[in-house]
Amino acid sequence: MTQERRERFTSLSGLPIARVHSPDDLKAWDPKSDLGQPGEFPYTRGVHPTMYRGRLWTMRQFAGFGTAEDTNRRFTYLLQHGQTGLSVAFDMPTLMGLDSDDPRARGEVGYCGVAVSSLEDMARLFDGIPLEQVTTSMTINGPAAVIFAMYLAVAERRGIPFERLGGTLQNDILKEYIAQKEWLFPPEPHLRLIVDTISHCAKHVPKWHPVSISGYHIREAGSTAVQELAFTLYDGLSYVEAAVKAGLDVDAFAPQLSFFFNVHNDFFEEIAKYRAARRLWAREMERRHHPKDPRSLQLRCHAQTAGCSLTAQQPMNNVVRTTLQALAAVLGGTQSLHTNSMDETLALPTEEAVKLALRTQQIIAHESEVTNTVDPLGGSYYVESLTNRLEEGAREYFRKLDEMGGMVRAIEQGYPQREILEASQRYQREVEQKERIIVGVNECLEPDEQRIPILKIGPEVEKAQVDRLASLRSRRDPFKMAGTLEVLQEAAAGDENLMPYLLEAVKAEATLGEICAALKEVFGTYKEPVVL
Amino acid sequence: MTVVTKPLRVLIGKVGLDGHDRGVKLVARALRDAGVEVIYSGLHQTPEQIVNTAIQEDVNAIGLSVLSGAHNYLFPRVLELLKEQGAGEIVVFGGGIIPDEDMPKLKAVGVRALFRSGTATDEVVKFVKELRP
């Protein structure tokens with residue numbers, strides 16, 4: 001019988017898939033140059049020779065809600081249950097560089113992350129947590145340099161030398177313009193701040209990853225896997241170019257760049273995406289910048305299961321989705337992983353739901369035995385051919401972006417935004433026409449939906465933050481604070497590195513909102529081209 | 001006698017600080033394709049800005065997208081401002097990350113319909129088309 005269920009089989013991103021893959025798919029493929037050995041150029045099989053035989057990935061659950069104390073308790077809970085790294089989610093006002101008492105923050109304080117408006121908030125957030133022993137990832141972009149200054153100031157106050165601090169700042173503004181849409185200034189001053197943080201870390205905080213170049217949000221906005229790969233790596237190349245242009249040696253900072261990818265439903269396509277990402281990065285960095293340090297060619301990444309794949313319907317099914325996605329990230333060779341909790345399409349996760357998500361990773365790590373060998377799918381006709389096609393697809397986008405004059409120009413023309421919107425509409429149509437089945441959404445429906453408990457955040461968080469800020473503003477030395485903002489503005493108008501000025505301002509207890517407002521006066525604001 | 005009916009006008013808005021615009025754009029496109037006149041607010045709008053635009057553009061309805069958890073403040077605030085401005089006849093509906101248990105409260109203050117994630121765009125189009133007086 002040769003009848004098949006569908007006329008065409010395509011990957012989630014729309015790549016046509018053959019009935020069976022064979023050596024014919026890999027005629028031009030050379031295992032020596034296209035696959036190589038783990039830990040060696042072009043790193044298709046992984047950045048380390050031993051991968052998970054040497055060390056498991058970091059289990060890093062993104063967390064943050066309410067006040068700094070609420071999140072501090074969640075961090076402590078996660079560390080007690082075997083989590084190995086911290087990851088901070090900030091609330092919307094903080095992400096937009098606004099204080100909790102700003103009128104635009106009304107109703108949003110502490111809801112989708114923790115509120116951090118001041119050095120005091122940052123100190124409370126990490127109270128009792130040994131900053132020199134854990135690594136901390138901070139998902140913050142527009143005001144990243146200010147938040148980083150607060151973290152450094154907390155470490156300084158505790159007498160921890162900067163050389164011992166490890167962690168990651170997301171600090172990826174290009175994907176904000178492309179997908180997540182949270183920026184403070186126009187692209188140029190934002191790029192300058194990013195170069196300032198890169199350069200500051202290279203000199204003073206050598207173990208820190210100053211930028212986490214993120215495809216996660218691009219995918220969540222509806223892109224395909226190819227678009228996620230292409231736009232993310234091109235963003236990365238743009239930061240390298242900006243830093244080199246500012247006079248930094250590529251090997252002084254490139255080893256500390258890291259990446260952050262989504263891991264979606266198409267199991268093999270996702271595995272291929274991680275492999276293609278490493279190979280493409282190594283090849284493009286080699287071609288464009290000729291680094292001497294091999295670490296400058298190695299793409300290290302964090303992965304998060306796809307939030308947009310979770311369903312509000314029959315939420316317990318999300319545990320299964322997340323398990324498959326997490327397994328794909330591991331087979332793809334990620335360095336670090338966040339598994340979403342089943343309730344995250346409804347609200348921030350409860351403690352129980354987060355624990356189950358963490359346990360999912362632990363079961364993969366310790367029980368499935370998939371960690372016994374490096375790149376177990378290397379050499380599969382199907383996976384290698386997908387890896388090739390993803391790399392080729394991304395290269396096509398690279399050519400277009402080069403022709404447009406780089407990512408900033410492309411963003412100003414709405415190009416990546418439009419490509420993503422088209423892909424997201426295509427996907428939506430496929431789901432609505434049942435060409436793609438989502439269990440519990442367009443098939444396998446249940447009349448009585450499961451209900452699961454969800455986390456509640458009350459308005460008392462906002463009140464507590466507003467009161468604290470009022471007392472901070474009356475307690476601090478206003479002249480000293482204003483003086484630091486004045487010199488910050490002068491420096492911003494010139495071309496000095498702004499990190500030392502930001503450190504002085506946060507230590508004088510200028511708030512996040514005050515610092516960002518001062519910078520806006522110098523840098524201006526940005527209005528996006530509307531793509532609809 | 002021929003009756004000329006004005007096309008329906010809807011303001012599709014992102015209110016509050018979250019920048020998630022995937023869903024809102026799909027809804028805006030679906031409504032536009034269905035012949036509805038769609039005005040898209042752009043991102044990061046305050047309730048005041050939304051209400052002012054709605055009145056200036058003389059819309060029949062406002063569809064709001066909120067994925068930040070701030071729906072319990074933002075929806076009632078928009079409805080309150082509409083009433084204050086004498087534009088209480090404008091229908092307000094919305095979608096985003098809105099837990100089931102928050103829906104009755106929002107409907108009680110006047111939100112006509114709330115669509116959660118996973119809703120087919122046809123369903124939103126059908127709702128809007130039925131608004132015609």
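Keep in mind that this is a model prediction, so the values were computed, not measured. Proteins come first, then strands; the chains are lettered A, B, ... in the order of their sequence lines, and each starts at number 1.
- Checking side-chain atoms of Arg22(B) against main-chain N and O of Glu220(A) turns up a donor-acceptor pair under 3.5 Å.
- Minimum heavy-atom separation, Ala312(A) to Ser117(B): CB-OG, 4.0 Å.
- Ionic pairing of Glu422(A) and Arg29(B) is present here: one or more N-O contacts between side-chain nitrogen and carboxylate oxygen are shorter than 4.0 angstrom.
- Listed options Cys112(A), Gly440(A), Gly107(A) were ranked by heavy-atom pairs under 4.5 angstrom with chain B; first place goes to Gly107(A).
- If you measure heavy-atom distances from Phe65(A) to chain B, you find no contacts under 4.5 Å at all.
- With rounding to the nearest 0.5 Å, the separation of NZ in Lys456(A) from CG in Asp102(B) is 4.0 Å.
- Looking at Pro93(A), both its backbone and its side chain come within 4.5 Å of chain B, counting heavy atoms on both sides.
- Using a 4.5 Å cut-off between heavy atoms, Ala120(B) contacts chain A through both its backbone and its side chain.
- Note that the CG atom of Asp100(B) and the CG atom of Leu346(A) stand 7.0 Å from one another [nearest 0.5 Å].
- A heavy-atom distance below 4.5 Å is found between the side chains of Leu74(B) and Glu108(A).
- Of all non-hydrogen atoms in Lys181(A) and Asp21(B), the two that sit nearest each other are NZ-OD2, 2.8 Å.
- Contacts between Leu310(A) and chain B at a heavy-atom distance below 4.5 Å are absent for every atom of the residue.
- Atom CZ of Arg112(B) sits in a sparse spot, with 12 or fewer heavy atoms from other residues, nucleotides or ligands closer than 6.0 Å.
- Between Leu43(B) and Glu528(A), the closest heavy-atom pair is CD1-OE2, 3.4 Å.
- Thr119(B) and Glu432(A) get closest at one heavy-atom pair: O-OE2, 4.3 Å.
- Taking chain B as the reference chain and counting heavy-atom pairs below 4.5 Å, the highest number among Arg104(A), Glu182(A), Gln425(A), His217(A) is found for Gln425(A).
- Chain A forms more heavy-atom pairs under 4.5 Å with one residue of Lys14(B), His20(B), Arg32(B) than with any other, namely Arg32(B).
- Proximity to chain B is absent for every atom of Thr311(A), based on heavy atoms less than 4.5 angstrom apart.
- If you measure heavy-atom distances from Val531(A) to chain B, the contacts under 4.5 Å come from both the backbone and the side chain.
- Residue Asp91(A) holds its CG atom at 12.0 Å from CG of Asp18(B), rounded to the nearest 0.5 Å.
- The candidate with the highest count of non-hydrogen atom pairs below 4.5 Å against chain B, out of Asp343(A), Leu95(A), Thr345(A), is Thr345(A).
- Across all their heavy atoms, Lys25(B) and Leu532(A) have their closest contact at CG-CD1, 3.6 Å.
- In this structure, the side chains of Met96(A) and His44(B) come closer than 4.5 Å at one or more pairs of heavy atoms.
- Taking each heavy atom of Leu26(B) and Ser424(A) in turn, the nearest pair found is CD2-OG, 3.5 Å.
- Rounded to the nearest 0.5 Å, atoms OH (Tyr111(A)) and CG (Leu17(B)) are 13.5 Å apart.
- Under a cut-off of 6.0 angstrom, the local environment of NZ in Lys107(B) is crowded, with over 12 non-hydrogen atoms contributed by other residues, nucleotides or ligands.
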